[in-house]
Amino acid sequence: MKSAKEKPVTILKNALLKKGIAKETVSILLRGVCACMLLLSSPLSMEAKGADGDKTLLDEYQSYRKRFSEITRQPEIEQAGFGVIEDQIFSIETEGFGQVYLIPALDKAYNRLALFFADEDGNVVYKTDQLEANGRNTGQMKQPIRELKAISFQELNGDDLMDIVLITTCVNDRGSYAGKPYKVGDVLFQDEQSFYRDYRISDKINRFGMNKSVESIVAFVRDGDSAEFLYTAATKKELLDNGFEIAKEQCHYRQFEKFGRLEVVPGTYTMANFATFMIYLVNEQGYIVWSFQPMGDFDNLYALKGIACRDIDGDGMKDIVVFARYSYEGNGNEMLTESDYSIYYQRTGSFYEDTQIKKQYPCGEDDTMSGIVEKARSYWGWNTEE
């Protein structure tokens, strides 16, 4: 019988030796086991401590699920730590529950969005937090949701039952995208007993920029329009066949050192009155060799001010500078416009977007294409008069 004080590693070592395994092999195996044990015992292996520094991620999740699952009455929503979004409460007719109130709420600890459906007596007859916006920070409890931007009730899949369209505004706390608001769209389809999501539809709505408005989501889900081809097309012909409109005044050929002679093809695809701006580099056989999406999370291209193909960083290869004015929706649902620029550096077999120059030289309302090029070249030590 083994001593209670004998270490697990010693027990394992003796067992391996009894099996006739060579000492050298046993030593190598034990080093690997010890390394794994050290890793598993570190704070990082617990996926991080929770917000209070004591709970593990699993503890936090179980505590949250318990709070959420125990809500059976409307007054309990606030008591369980959720902040009700009062101006987005609606009375709706459902197939399975009749007339109910849809009550959206944000969890105060983790910024997770939940929807509660309550009858006239205040009983919660259905609830869900299985929403696209709750998966922005993968593997984390806390999410970057700031507000429920829009909610709409429409029949989308031809079953005569009213579905729910949601758009949330999110802002990341850290990372290269920190501080920049972006939208996340989602659809809950109604069936005879509840509501459900199709994650494939939600994924495409957000991956291909069809989350700008309720109208954009409806155009995709109900009408079958899609901006997906902008990111998957292989040829210029495929772009044109799907409705891409080329900005002919800015379309031209250039010699790109590592890519050869290419046509610079800027243009837009309009869906539900939102124009998505893209730029493609097309070879002489008509195949797309690279593409760019300079507008980021702006809603619309307002005006394309110019495209310059010049060596910006001094490596002897042409880079691409894009200068445009974009529109977006303000907090009061008004349309605002803003100028912005993007720089893409040519590398062997690829391009990559600049992330530093705009921190030093943010785009101003009086900027011009020539001025932006000069600033960018001076950042890399060029004589600006060249």
Side chains of Glu228 and Phe220, heavy atoms from C-beta outward: is any pair under 4.5 Å? no

Distance only, no hydrogens: is a donor on one side chain within 3.5 Å (strictly under) of an acceptor on the other, for Asn172 and Tyr182? yes

Among Val265, Ile307, Leu304, the one residue meeting side-chain contact (heavy atoms from CB on, under 4.5 Å) with Ile279: Ile307

Between Gln143 (side chain) and Arg112 (backbone), is there a donor-acceptor pair under 3.5 Å? no

Short question: side chain of Glu147, backbone of Thr169 - any donor-acceptor pair under 3.5 Å? no

What pair of heavy atoms forms the shortest contact from Leu57 to Gly139, and how long is it? CD2-O, 3.3 Å

Quick one: are Asn242 and Leu230 in side-chain contact, heavy atoms under 4.5 Å? no

Spacing of Leu161 atom CG and Leu156 atom CG [to the nearest 0.5 Å]: 11.0 Å

So, the side chain of Lys127 versus the backbone of Ala118: is there a donor-acceptor pair under 3.5 Å, distance only? no

Atom of Phe259, atom of Ser350 and distance for their closest heavy-atom approach: CZ-N, 3.5 Å

In this structure, CG of Asp87 is separated from CG of Leu148 (nearest 0.5 Å) by 8.5 Å

Is it true that atom NZ of Lys142 has more than 12 heavy atoms of other residues, nucleotides or ligands lying nearer than 6.0 Å? no

Of Phe97, Tyr126, Phe90, Tyr101, the one forming a ring pair (Phe, Tyr, Trp, His ring centres under 6.0 Å) with Phe117 is Tyr126

Shortest non-hydrogen contact between Ala272 and Ala219, atoms and distance: CB-CB, 4.4 Å

What I'd like to find out is whether the side chain of Gln154 reaches to under 4.5 Å of the side chain of Val214, using heavy atoms alone. yes

From Trp380 CH2 over to Asp315 CG, what is the distance, rounded to the nearest 0.5 angstrom? 8.5 Å

Is there a donor-acceptor contact under 3.5 Å from the side chain of Lys305 to the main chain of Arg325? no

Side chains of Glu70 and Glu76 in contact at under 4.5 Å (non-hydrogen atoms): no

Do any N or O atoms from the side chain of Glu257 and from the backbone of Gly260 form a donor-acceptor pair under 3.5 angstrom? no

Give me the one residue out of Phe153, Tyr196, Phe195 that meets ring pair (Phe, Tyr, Trp, His ring centres under 6.0 Å) with Phe189. Tyr196

Would you call Lys358 and Asp354 a salt bridge, using N to O less than 4.0 angstrom? no

Check the angle between the aromatic planes of Phe298 and Tyr328 and answer parallel, tilted or perpendicular using the 30° and 60° thresholds. tilted

Answer yes if the ring centres of Phe244 and Tyr280 are under 6.0 angstrom apart, and no otherwise. yes

Inspect the surroundings of CG in Asp366 and state if more than 12 heavy atoms from other residues, nucleotides or ligands are less than 6.0 Å away. no

Taking Asn300 for its side chain and Tyr302 for its backbone only, find out whether a donor-acceptor pair lies under 3.5 Å. no

Any side-chain donor-acceptor pair under 3.5 Å between Gln130 and Thr128? no

SB check Asp313 Arg347 (cutoff 4.0 Å): yes

Quick check: closest heavy atoms across Glu155 and Gly158, and the distance to 0.1 Å? OE2-N, 2.6 Å

Any carboxylate oxygen within less than 4.0 angstrom of a Lys/Arg side-chain nitrogen, looking at Asp129 and Arg65? yes

Is the shortest side-chain N to carboxylate O distance from Arg222 to Asp163 below 4.0 Å? no

Quick one: pull up OG in Ser342 and CD in Gln293 and give me the separation to the nearest 0.5 Å. 9.0 Å

Please give me the minimum heavy-atom distance between Pro104 and Leu113, naming the atom from each residue. CB-CD1, 4.5 Å

Inspect the contact between Asp319 and Arg254 and indicate whether a charged nitrogen and a carboxylate oxygen are less than 4.0 angstrom apart. no

Taken to the nearest 0.5 Å, the spacing of Leu239 CG from Ser291 OG works out to 9.0 Å

Kindly assign one of parallel, tilted or perpendicular to the pair Tyr64 and Tyr110, based on the angle between their ring planes and the thresholds 30° and 60°. perpendicular

Can any side-chain N or O of Asp367 pair as donor or acceptor with the backbone N or O of Ile372 at less than 3.5 Å? no

Say whether, by atom type as modelled, one donor and one acceptor occur between the side chain of Glu215 and the main chain of Lys212 under 3.5 angstrom. no

NZ on Lys318 to SG on Cys309, rounded to 0.5 Å: 8.0 Å

Parallel, tilted or perpendicular, as decided by the 30° and 60° cut-offs, for the rings of Tyr345 and Tyr352: tilted

Answer whether the closest heavy-atom distance between the side chains of Thr168 and Leu131 falls below 4.5 Å. no

What I'd like to find out is whether the side chain of Ile320 reaches to under 4.5 Å of the side chain of Leu281, using heavy atoms alone. yes

Among Trp290, Phe351, Phe292, Phe256, ring pair (Phe, Tyr, Trp, His ring centres under 6.0 Å) partner for Tyr344: Phe292

Main-chain N/O of Asn123 paired to Asp121 side chain as donor or acceptor, under 3.5 Å: no

Contact between Phe277 and Pro294 at the side-chain level, heavy atoms closer than 4.5 Å - yes or no? yes

Say whether, by atom type as modelled, one donor and one acceptor occur between the side chain of Asp299 and the main chain of Glu329 under 3.5 angstrom. yes

